[in-house]
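I have placed the structure first, in the form of structure tokens, so that the comments after it can refer back to it.
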Amino acid sequence: MATQVVIGAQWGDEGKGKIVDVLTEQAQWVVRYQGGNNAGHTVKVGDEKFVLHLVPSGILHAGKKSVIGHGVVVDPIGLVSELKGLQERDIDCTGRFFLSDRAHVVFSYHKAIDAAREEAASKAGSSIGTTRRGIGPTYGDKVTRKGLRLGELVRADAAERVKARFVERNEIIKALGGEALDVDAHTAEVMAAAEVLRPFVADTVVLLHEARQAGDKILFEGAQGTMLDIDYGSYPFVTSSSPTSGGAATGSGVPPNRIENVVGVCKAYTTRVGEGPFPTEDFNEDGQRMGEIGHEFGATTGRSRRCGWFDAVVARYAVMVNGVDQWAITKLDVLDTFETIKLAVAYEVDGERIENMPADTELFARCTPIYEEVPGWQSDTTGITSFEDLPAAAVSFLDRVTELTGAKVGIVSVGPRRAQTFNRP
Ligand code: IMP
């Protein structure tokens, strides 16, 4: 398999970091193509736990090369602190970590604007529940052609331009009810970070092109998920990038006809953080149990995640828009103790049955799931390391996922460690 993409099929937090970590064995390059440090990828290597926000998890594999493509928005200060954390744990990035010179920069004024907008919206009862990492304002500046790219930030004469931006954006922050930022202090901080990042900045489009020409294998690491996609998600309760597989091409420069395999990562149930519709959300004991057993707290914000049953409408939609070739079903073990397991096979709205995701978010919010129930396996799967050892009821559940979504299950995961992830033969 030459070039593959790992995408989230739900609302993010599907366990992509872990699947990427396992699939990295087959690649020389791991590439992030969208999002920013709103993402939090947790990877367990032996007894060590790593939480990465921007750096692709391929960095944890000696000798593999990691790239942050131009579709990503980069908070230089956050990235420097992440690189420092890796260095302190003896993970050397020299010569194997590359940052696109076309990637847009997240400044602290973007974060301040994000927070001020969210504060104002929450008073009006209309907040999105963003991570407040400045993601929306940075992508906003990018598409309105007001952004600054990393290639420009690392130029020797960038400070004056950066300063002027802080002065201008302070007016916006104040108008939104926020507090103006200290221009000199913030400029100095970001310029110091730029200095550290300069050696990593490269034309990653050419780099990846040459890697492909040389026959290297590339793995794309999606952040967030299909239902948070700016186009396909439950707008406006979405992030501002394209986490779906198409984003891998636009966000990296590797053309779509060179991407050969799409792995859709999907939990055996569903979670969501932030506001917005979630038809299979379970407000009762089952949802609470999933949250407790699955440790459903955000890696970036620490917020507790909303939990509910597997939603085949969402998963089918993810297959449609990403071209999922195979599923990686994660956290199957979280369902170990349930007597019966529910899968939403369709929705009901205004007395009608619908099989496909509605584009209208207001309509989506009124959809109620039509459930099918299957027997639980009620045994501990966390010690299982091969597909053949799964209980029959768990295999039936996975088969039902395939029937309902049209994509085969290729990978199953029953815990955070590498050994707890195995292929379906
Ligand atoms: P933003 O990306 O910070 O603008 O947040 C927009 C929405 O995406 C909010 O509902 C966030 O909770 C959600 N979101 C952003 N990043 C992640 C993630 O990595 N996992 C899950 N949800 C996320």
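Just so it is clear, the model here is predicted, and its values are computed rather than measured. Both counts, for ligands and for their atoms, begin at 1 and track the order of listing.
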(message) Taking the basic N atoms (NZ, or NE/NH1/NH2) and the acidic carboxylate oxygens, is any pair closer than 4.0 Å for Arg418 and Asp21?
(response) yes

(request) Answer yes or no for Ala223: is there a heavy-atom contact with ligand 1 below 4.0 Å? (result) no

Can you list, pair by pair, the side-chain donor-acceptor contacts under 3.5 Å of residues 169-185, counting residues two or more places apart and other chains?
unit_1 : atom_1 : unit_2 : atom_2 : d
Arg169 : NH1    : Asp141 : OD2    : 2.6
Asn170 : OD1    : Leu181 : N      : 2.7
Asn170 : ND2    : Leu181 : O      : 2.9
Glu171 : OE2    : Lys174 : NZ     : 3.4
Asp182 : OD1    : Asp184 : N      : 3.2
Asp182 : OD1    : Ala185 : N      : 3.1
Asp184 : OD1    : Lys163 : NZ     : 3.1

(request) For Gln224 and ligand 1, answer yes if some heavy atom of the residue is under 4.0 Å from a ligand atom, otherwise no. (result) yes

(message) What I want to check is whether the side chains of Arg289 and Thr337 have a donor and an acceptor closer together than 3.5 Å.
(response) yes

(request) Compute both the distance and the angle, then confirm whether Arg165 meets the cation-pi test with Tyr109: under 6.0 Å from the six-membered ring centre, within 45 degrees of the axis. (result) no

(message) One residue to check: Arg272. Relative to ligand 1, which of side chain, backbone, both or neither has a non-hydrogen atom less than 4.0 Å away?
(response) neither

(request) Just say parallel, tilted or perpendicular for the rings of Phe364 and Tyr347, cut-offs at 30° and 60°. (result) tilted

(message) Starting from atom 7 (C) of ligand 1, what is the nearest protein heavy atom, named by residue and atom, and what distance separates them?
(response) Val238 O, 3.8 Å

(message) Regarding Trp309 and Thr270, do their side chains bring together a donor and an acceptor under 3.5 Å, going by distance alone?
(response) no

(message) Nearest 0.5 angstrom please: Asp325 CG to Ser245 OG, how far?
(response) 9.0 Å

(request) Measure the distance from atom 3 (O) of ligand 1 to every protein heavy atom, then report the residue, atom name and distance (to 0.1 Å) of the closest one. (result) Thr131 OG1, 2.6 Å

(request) With heavy atoms of Arg303 as the reference, note each atom of ligand 1 found under 4.0 Å away. (result) 11 (C), 12 (O)

(message) Would Trp11 count as a contact residue for ligand 1, given that I'm defining contact as a non-hydrogen atom of the residue lying under 4.0 Å from a ligand atom?
(response) yes

(request) Number the atoms of ligand 1 from 1 as they appear, then name those within less than 4.0 Å of a heavy atom of Asp13, with their elements. (result) 20 (N), 21 (C)

(message) Residue-level breakdown please: for Leu228 versus ligand 1, do any non-hydrogen atoms fall below 4.0 Å on the side chain, on the backbone, on both, or on neither?
(response) side chain

(message) Please work out, at 4.0 Å between heavy atoms, whether the side chain, the backbone, both, or neither of Asp114 comes within that distance of ligand 1.
(response) neither

(request) With atom 9 (C) of ligand 1 as the reference point, say which of Gly225, Gly274, Gly129 has the nearest heavy atom. (result) Gly129

(request) Give a yes or no on whether a salt bridge exists between Glu355 and Arg316, defined as a side-chain N under 4.0 angstrom from a carboxylate O. (result) yes

